[in-house]
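Quick notes on the structure that follows.
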Amino acid sequence: GESVGLHLPTLSVQEGDNSIINCAYSNSASDYFIWYKQESGKGPQFIIDIRSNMDKRQGQRVTVLLNKTVKHLSLQIAATQPGDSAVYFCAETIFWTNAGKSTFGDGTTLTVKP
Amino acid sequence: NAGVTQTPKFQVLKTGQSMTLQCAQDMNHNSMYWYRQDPGMGLRLIYYSASEGTTDKGEVPNGYNVSRLNKREFSLRLESAAPSQTSVYFCASSGGTYSGANVLTFGAGSRLTVL
């Protein structure tokens, strides 16, 4: 079968390396997925989103991959920098709804070593 | 623009005391939410308001009440605080039913300790 990345609560990488953060979602009806970054002492902030009609979406240094077959998404950060150190959450929701209720994953703490 | 503003940032209560967390957004968003975040865990939805005049329970509503005062303001009330309500509370808002509408904009959080 296809290999799916495990969700890890913590991830430590060297500055300049690429980071991959994994997330499994639970609701088959979810069709919109969002990654948030939470820095220490702050609220989560939007990074990138993807709808279920796409497999991949790229932003600046970040890429999100979606595998609907196994209900898995990943966030890839290229050339990780110290400023990327934070907790990263994936969230699943339904796009066409009048209230964006989101269900959040447990989060992955990314530490970037200089 | 300030975005989402929460007050207070920190609060210590004794068991049984009551308090209200205030939240206001200046982005003309339709929907507002209250989440709690406990150590090592993700965010859990307490209550939400899809639009002015409506409120609904989320995943963990017990022990809380909310008021959507107007389109800008959404308050969370603890009537009789318990130690299990020690947490960081986040208010958030989102725009509506179009592209990006379900992206949440969060406040900075309110850290509540109940002794």
Side-chain angles (χ1 to χ4, degrees), chain A residues 7-11 21-27 29-54 57 59 62 64 73 75 86-111, chain B residues 2-6 9-10 23 25 27 29-61 66 68 74 88-111:
Chain A
H7 167 257
L8 300 174
T10 61
L11 178 65
I21 299 171
N22 295 303
C23 176
Y25 64 94
S26 57
N27 187 353
S30 295
D31 63 359
Y32 185 44
F33 305 90
I34 305 166
W35 281 98
Y36 293 89
K37 173 185 180 183
Q38 184 178 25
E39 297 178 35
S40 181
K42 298 183 179 180
Q45 285 186 298
F46 169 85
I47 303 174
I48 191 168
D49 58 355
I50 187 168
R51 292 187 66 180
S52 60
N53 59 352
M54 301 173 69
R57 190 163 190 219
V62 294
V64 55
L73 63 159
L75 177 71
V87 180
Y88 291 82
F89 293 99
C90 66
E92 58 179 301
T93 186
I94 295 172
F95 192 81
W96 291 111
T97 176
N98 66 346
K101 286 193 301 175
S102 298
T103 300
F104 285 80
D106 290 337
T108 294
T109 300
L110 175 65
T111 302
Chain B
V4 177
T5 304
Q6 294 180 229
K9 292 193 183 326
F10 301 94
C23 176
Q25 52 93 8
M27 297 169 288
H29 282 172
N30 290 322
S31 303
M32 298 185 73
Y33 315 81
W34 278 104
Y35 284 87
R36 62 177 288 174
Q37 184 176 35
D38 299 302
M41 297 179 67
L43 294 105
R44 292 183 292 169
L45 182 63
I46 304 171
Y47 270 94
Y48 69 100
S49 170
S51 60
E52 186 178 354
T54 68
T55 60
D56 284 287
K57 295 178 180 179
E59 182 185 352
V60 288
V66 290
R68 183 75 182 266
F74 188 40
V88 181
Y89 292 85
F90 288 98
C91 178
S93 67
S94 68
T97 59
Y98 300 103
S99 177
N102 289 347
V103 173
L104 299 174
T105 300
F106 284 88
S110 299
R111 184 176 295 275

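Naming: A, B, ... by sequence-line order, numbering from 1 per chain. Every heavy atom of this structure was used, including side-chain atoms; hydrogens, water molecules and symmetry mates were not.
- Taking both residues in full, the closest heavy atoms of Val103(B) and Asp49(A) are given as CG2-OD2, 4.3 Å, listed atom of the first, atom of the second, then distance.
- In this structure Ser30(A) satisfies the side-chain hydrogen bond (donor to acceptor under 3.5 Å, both in side chains) test together with Glu92(A), sequence neighbours excluded.
- In terms of the side-chain hydrogen bond (donor to acceptor under 3.5 Å, both in side chains) criterion, Arg111(B) has no residue partners (sequence neighbours excluded).
- At a 4.5 Å heavy-atom cutoff, the contact between Leu43(B) and chain A is made by backbone and side-chain atoms alike.
- If you measure heavy-atom distances from Gln37(B) to chain A, the contacts under 4.5 Å come from the side chain alone.
- For chain B, the option among Gly107(A), Pro44(A), Gly105(A) with the highest count of heavy-atom pairs below 4.5 Å is Pro44(A).
- In this structure, CZ on Phe106(B) lies 5.5 Å from OH on Tyr36(A), to the nearest 0.5 angstrom.
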Step-by-step side-chain contact (heavy atoms from CB on, under 4.5 Å) determination, Tyr48(B) to Ser102(A): CA-CA 11 Å; Tyr48(B) 69 100; Ser102(A) 298; over 6 Å; no
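- Using a 4.5 Å cut-off between heavy atoms, Gln38(A) touches chain B through its side chain atoms alone.
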